[in-house]
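Reckoned from all heavy atoms, side chains included, excluding hydrogens, waters and symmetry mates.
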Amino acid sequence: MSGQGDIFMQGVELMIFGVSAVFVFLSLLVLVTSLTSRFMSRFFPEAVAPRPATSAALRSPADPAPGELVAVITAAIHQHRKQRH
């Protein structure tokens with residue numbers, strides 16, 4: 001019975017070693033990632049793009065309004081179904 005107890009204790013020790021190694025690795029990974037993020041945002045800040053006033057400002061005069069777009073798509077579907085039958 002002593003042999004099984006020794007094997008069991010070795011298994012527990014190996015499990016504790018493995019869990020500890022994974023914990024240390026993941027902790028270091030989080031630390032390095034956080035430090036890299038701080039470094040990058042401090043020395044290489046992202047330029048903030050100006051936001052347009054409204055979505056209408058982005059639309060060219062040739063673009064249909066959202067309601068018109070729905071009407072055009074509906075008419076196209078209707079015409080397609082009409083031509084198939």
Phe8 with Ile16, same ILVMFWY side-chain cluster at under 4.5 Å: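 Yes, because Phe8 and Ile16 connect within a single hydrophobic cluster, where side-chain heavy atoms sit under 4.5 Å apart.
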
Hey, could you give me the [atom1]/[atom2] distance between [X] and [Y], rounded to the nearest 0.5 Å?
{"X": "Met40", "Y": "Glu46", "atom1": "CE", "atom2": "CD", "value": "9.5 Å"}
{"X": "Leu28", "Y": "Leu35", "atom1": "CG", "atom2": "CG", "value": "10.5 Å"}
{"X": "His78", "Y": "Lys82", "atom1": "NE2", "atom2": "NZ", "value": "5.5 Å"}

query: Which residue, Ile73, Thr74, Val72, forms the side chain to side chain contact (heavy atoms under 4.5 Å, CB included) with Val70?
result: Thr74

query: Does Ser37 reach the main-chain N or O of Thr33 with its side chain, forming a donor-acceptor pair under 3.5 Å?
result: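 A pair under 3.5 Å: no.
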
